[in-house]
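Step one of this worksheet: look at the structure below.
Everything numeric in this text was worked out from a predicted model, so none of it was measured.
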Amino acid sequence: MFRSALGKTLGFVGYTIQYGCIAHCAFEYIGEFVACSGPSMEPTITSHDVVFSERLSRHLCRIENGDIVIAKSPFDPHMNVCKRVIGLEGDKVCTSGPSDIFKTHQYVPKGHVWLEGDNLRNSTDSRSYGPVPYALIRGRVCLKLWPLHHVGALNQSPTGRVVKRSD
């Protein structure tokens with residue numbers, strides 16, 4: 001009886017470890033569900049919206065201007081940020097705020113991206129902390145899942161600040 005109980009317990013532990021490894025690989029390499037908070041991406045994404053962030057684009061270097069991404073915060077590695085890609089390496093981006101009289105520009109260095117929130121007046125983004133290393137990108141947001149009446153693909157930038165590529 002003891003051997004039977006021990007065998008069943010070890011079998012259960014083995015299956016639990018296997019399924020845990022599969023779940024870890026799925027969330028690490030395929031995608032994850034993210035609950036967003038904060039006003040920086042309004043009106044596209046508001047607080048308490050749930051989105052799906054896929055990871056394959058990051059691994060295949062397929063992040064493009066206009067994509068919304070989840071990235072590690074350059075200030076706090078324990079926090080993620082949700083921002084829109086405004087410029088890729090080599091792009092010339094406007095670094096000024098919407099109310100600045102004099103417009104300043106900067107080139108995005110190699111291996112970096114320029115991230116900004118859609119709510120320019122209430123977003124801490126690359127205008128504050130500069131270009132973000134590509135390695136900090138966790139995934140590309142492809143779907144809004146919650147609230148249910150807004151389920152679907154995400155729309156274009158309401159600010160129109162995305163750099164147009166000529167290649």
Apart from Tyr107 itself, members of its ILVMFWY cluster (side-chain separation under 4.5 Å) are none
(request) Write down the atom of Ser53, the atom of Val34, and the distance for their closest heavy-atom approach. (result)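 Heavy atoms only, the tightest pair is CB-CG2, 4.1 Å.
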What are the two closest non-hydrogen atoms of Val51 and Lys144, and how far apart are they?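 Distance-wise, the nearest heavy atoms are CG1-CA, 4.1 Å.
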Any donor-acceptor pair under 3.5 Å from [X] side chain to [Y] backbone:
X      : Y      : result
Asn122 : Asn119 : no
Arg140 : Ile68  : no
Glu89  : Pro109 : no
Ser128 : Thr124 : no
Arg55  : Glu32  : no

Subject >> Within 6.0 angstrom of His105 NE2, more than 12 heavy atoms from elsewhere >> reply: yes
To the nearest 0.5 Å, what is the distance between [atom1] ([X]) and [atom2] ([Y])?
X      : Y     : atom1 : atom2 : result
Cys36  : Asp49 : SG    : CG    : 6.5 Å
Asp125 : Ile86 : CG    : CD1   : 8.5 Å
Lys72  : Asn80 : NZ    : CG    : 4.5 Å
Arg138 : Cys82 : CZ    : SG    : 13.5 Å
Ile137 : Ile70 : CD1   : CD1   : 11.0 Å

**Prompt:** Testing Arg84, Arg121, Lys83 for side chain to side chain donor-acceptor pair (under 3.5 Å) with Ser40, which one passes?
**Reply:**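 That would be Lys83.
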Check: [Y] and [X] side chains under 4.5 Å, non-hydrogen atoms:
X      : Y      : result
His112 : Trp114 : no
Val69  : Leu115 : yes
Pro131 : Gln106 : yes
Asn65  : Asp91  : yes
Ile63  : Val85  : yes
Leu120 : Arg127 : yes

Q. Does the side chain of Ser37 pick up a donor-acceptor pair with the side chain of Ser47 at under 3.5 Å?
A. no
Side chains of Asp76 and Ser73: is there a donor and an acceptor less than 3.5 Å apart? no
Point to revise | Hydrophobic cluster identity match, Val132 and Phe75, side-chain contacts under 4.5 Å | key: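 Yes.
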Is there a side chain to side chain contact (heavy atoms under 4.5 Å, CB included) between Val108 and Val93 once you walk through the steps? CA-CA 7 Å; Val108 180; Val93 294; 4.0 Å; yes
